[in-house]
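The structure appears below as structure tokens.
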Amino acid sequence: MKNISLSIVAKWGVLLLAVLAFSASTVFAEEDFKAKYEEKKKVNDETIGVIAGVIEYVCPKIAPKGSNICDGKDTVGKAVKLATHIEKEGEVQNQDAADQFFDAVEQFKGHFEPRQKAAEYAKKGDFKNAFGYEEYAWQYLVKCASRGIFAKKMVDGE
Amino acid sequence: MNLKKFMRLTVLVAFLVGVAQAGFAQDLDEVMKARGLTQKDIVAAAKTYHPTGKKDEYVVFSSGGQSGQVIVYGVPSMRILKYIAVFTPEPWQGYGYGDDESMEILAQGKKYGKDITWGDTHHPSLSETNGDYDGQFLFINDKANPRIAVIDLKTFSTVQIVSNPIFKSNHGGAFVNTNTDYVGEAAQYAAPFEDKYVPLTQYNEKYRGGYTYWKFDRKKGRIDQSQSFAIELPPYHQDISDFGKKASEGWMFINSFNSERYQGGYGKGSLKEFSDKLPNEAGQSEKDTDYMHVVNWREAEKLFKAKKFKKINGFPVISIKDMVAANALVLIPEPKSPHGNDVSPDGKYIIVSGKLDTHTTVYDFAKIQSQIKAKKFAGTDPYGIPILDLKSSIHGQVNVGLGPLHTQYDSANGIVYTSLYVESTVVRWDYLNLKVVEKIPIHYNIGHLVAAEGDTVSPDGNYLIALNKLAIDRFVQVGPLHPQNHQLIDITTGRKMQLLYDMPLPLGEPHYAVMIKADKLKPIKRFSKKSFKHFVAPGTQRVERKGNTVTVYMSAIRSHYEPEVIEVKKGDNIIWHISNLERAQDEVHGFTIDNMNINASLEPGETNTFRFKVDREGVYPFFCTEFCSALHLEMMGYLLVKP
């Protein structure tokens, strides 16, 4: 995952909207699945980048104060650690945000398998299926993002 | 001015007026004036209004009456949170629409092998530990078909229904003792315990009342029918009861009416030998008093364990004779046709209200005990049960008003609240000093009432709800049948009672309710896969055929089923397991197959199993019935049935 600065995170909702809007407004010829796949892949990478920023931002505001859950550079690792902590009903700073964060991680986990399949199809030159699976992965990322927005709003007291 | 300019000016004026009005609308005085609200109304609104996201301090579990359900709402906001399906199928919760899990629970409530798809829930009771609500379980009775249901508050769902094998109706249930060893159920209308014809001319000899003690196994979260028993009681119609607590631990108190043992025959068409008699309502309330039954249930438990019982319909019943011999059953006169029977938090007093007497009677348990120990009896009833003298058993009586019914306790020492049905008021009074403090009118004809934790060893006070039978003029008319009206009353100590809120309840006739601190409830967010025998783990989704039985192992997760296309043959028997693999809270998936009368509500982690035969060829879409995500409509598949 990319490291995203907090200033970007603060504008996260706007950025995500921009990413999604771009995705929705790009029109390709129906048969140009290679281009569609590559564009979707780019959108997904950017979305993941934004999600990573949110994890970095909300993790220390949800995890119990003084814990090492959010330490280190492994963004996915700390997200999974925090989700496991939440699932075990461990102490958190903001339970409502924690509940949202947990689902965001659940959705995030869902995107790995379709992305892997997308890559496999792309390798074989089957861009129709590659695009389909990349699109499928994007659905998980969008669900993750929608929960992430809630979590961020909650830690910010909005 | 030309037309264009005029139009512009008109728009501008309209805009400015709108802005001004919007500005005024934000002004409290203006809103009050416009809506005709008083300062008192504003205070009431402020005490009940919850900005979005703010949660309630208390949770009420109210009977759902003829809906056969339980209604859950928050206090002080009075926002409805849930209907718990209990005795009646309820499609949104997927309760009773084909899945093995809920069908099996409803089947436990069968009577004489027949399905009963409704119930009349009356008295919910929360499980207690040392006399305080512990927030683990809720029990409720079905008066119409004497049954008791167990609701697990981890999931807020019904987990068991037991059917009484000897009673023909109940009313005085479900009530629990201070550590929830037993769930109590009183018979209502006396009848022979055996399922056979007995003419009414043999009423006194062969008809009986009774009380059933359902043993509750807390570890299993179920009633253990093998360790449950009943006691035989005279054919007085037993009614509301309450277990003793602290000073009266081990004892219980059961109201009754029709100690006259009167049987009417009013009206044309009644049996000849009963014709021209007074109707039951007159004959069964002829005497000035009925009997409160005082039962040493710990002694009854000993008799059961010593096998001193007779099995009737396969159920152990301890006789009146054995209860009397064990000094475990006495009667005390009580004001006629009583309703409420409520033990004080310290267990020293029992307050009984006779609907047709303006007094409430405060019984003194110590006085009752001393008479029982000294065997000082005023007489015996026709069944040999000793009767205590009323005056020697009471602390006193208070003239509270017309039609007193039920009583709830306050945290303030000696303060209680009694519903006055005829008068349509709640009376705040002092049962220790025997005086009325104040009254508040309600709308209308209050039945039960509930105060925060008001029947425990440590009532909270704060809030009281009047459970009113009639609403009449309180809400917009919706036909001849009005909703019931639950009215929230502020009963803060040191202040006059204040009516805060009217809540219409258009689901059955709620009888009793219990109010618990919200933070005592610890529901789960998702089911554990261990809870289900047929959990379909990720990666194990498949379809298997053995002969003409096809087993589907399906998962549901946003937003697809796996597998999505299933092909079978006409005549195949289908076993369909489906697990919701979501772990995020509130991510529910529905499941239905066209024209199969199936609907599931799969909560996170939950598994359901459906069994059905496909007897017609065709194409049957199956799909999610819950708007689970943006791609909810796409969450579908096909069951293809080949000829």
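Chain identifiers are assigned alphabetically (A, B, ...) following the order of the sequence lines, protein sequences preceding nucleic acid strands; residue numbering begins at 1 within each chain. This structure is a prediction, so every number in the text was calculated from the model and none was measured.
Note that A:K143 lies in the cation-pi zone of A:Y140, set by a 6.0 Å cut-off to the ring centre and a 45° limit from the axis. With A:Y57 as the aromatic partner, A:K61 meets the cation-pi criteria of under 6.0 angstrom to the ring centre and within 45 degrees of the ring axis. Cation-pi geometry between A:K40 and A:Y37 is not met: the NZ or CZ atom fails to fall both under 6.0 Å from the ring centre and inside 45° of the normal.
Using modelled atom types, one side-chain atom of B:T180 and one backbone atom of B:E128 make a donor-acceptor pair closer than 3.5 Å. With hydrogens and angles ignored, the 3.5 Å screen pairs a side-chain donor or acceptor of B:S77 with a backbone N or O of B:R79. Of the possible polar contacts, one joining the B:E101 side chain to the B:T609 backbone as a donor-acceptor pair under 3.5 Å is found. Of the possible polar contacts, none joining the B:D152 side chain to the B:S157 backbone as a donor-acceptor pair under 3.5 Å is found.
When the candidates B:Q585, B:E582, B:R558 are compared by the number of heavy-atom contacts under 4.5 Å with chain A, B:R558 comes out ahead.
B:Y561 and B:F622 have their aromatic ring centers within a separation under 6.0 angstrom. Ring-centre distance between B:F137 and B:F216: below the 6.0 Å cut-off.
When the heavy atoms of residues 628-640 of chain B are compared with those of chain A, the residues falling under 4.5 Å are B:S629, B:L631, listed by number. Taking 4.5 Å as the heavy-atom cut-off, the residues of residues 522-532 of chain B that approach chain A are B:K525, B:R526, ordered by number. Using a 4.5 Å heavy-atom cut-off against chain B, the contacting residues of residues 94-107 of chain A are A:Q95, A:D96, A:D99, A:F102, A:D103, A:E106, A:Q107.
Partners of B:E626 according to the side-chain hydrogen bond (donor to acceptor under 3.5 Å, both in side chains) rule, which considers only residues two or more places apart in sequence or in another chain, are B:W92.
Between B:D460 and B:K517 a salt bridge is recorded (basic side-chain N to carboxylate O distance below 4.0 Å).
Taking both residues in full, the closest heavy atoms of B:Q541 and B:S555 are given as NE2-OG, 2.8 Å, listed atom of the first, atom of the second, then distance. Minimum heavy-atom separation, A:K41 to A:R115: O-NH2, 3.3 Å.
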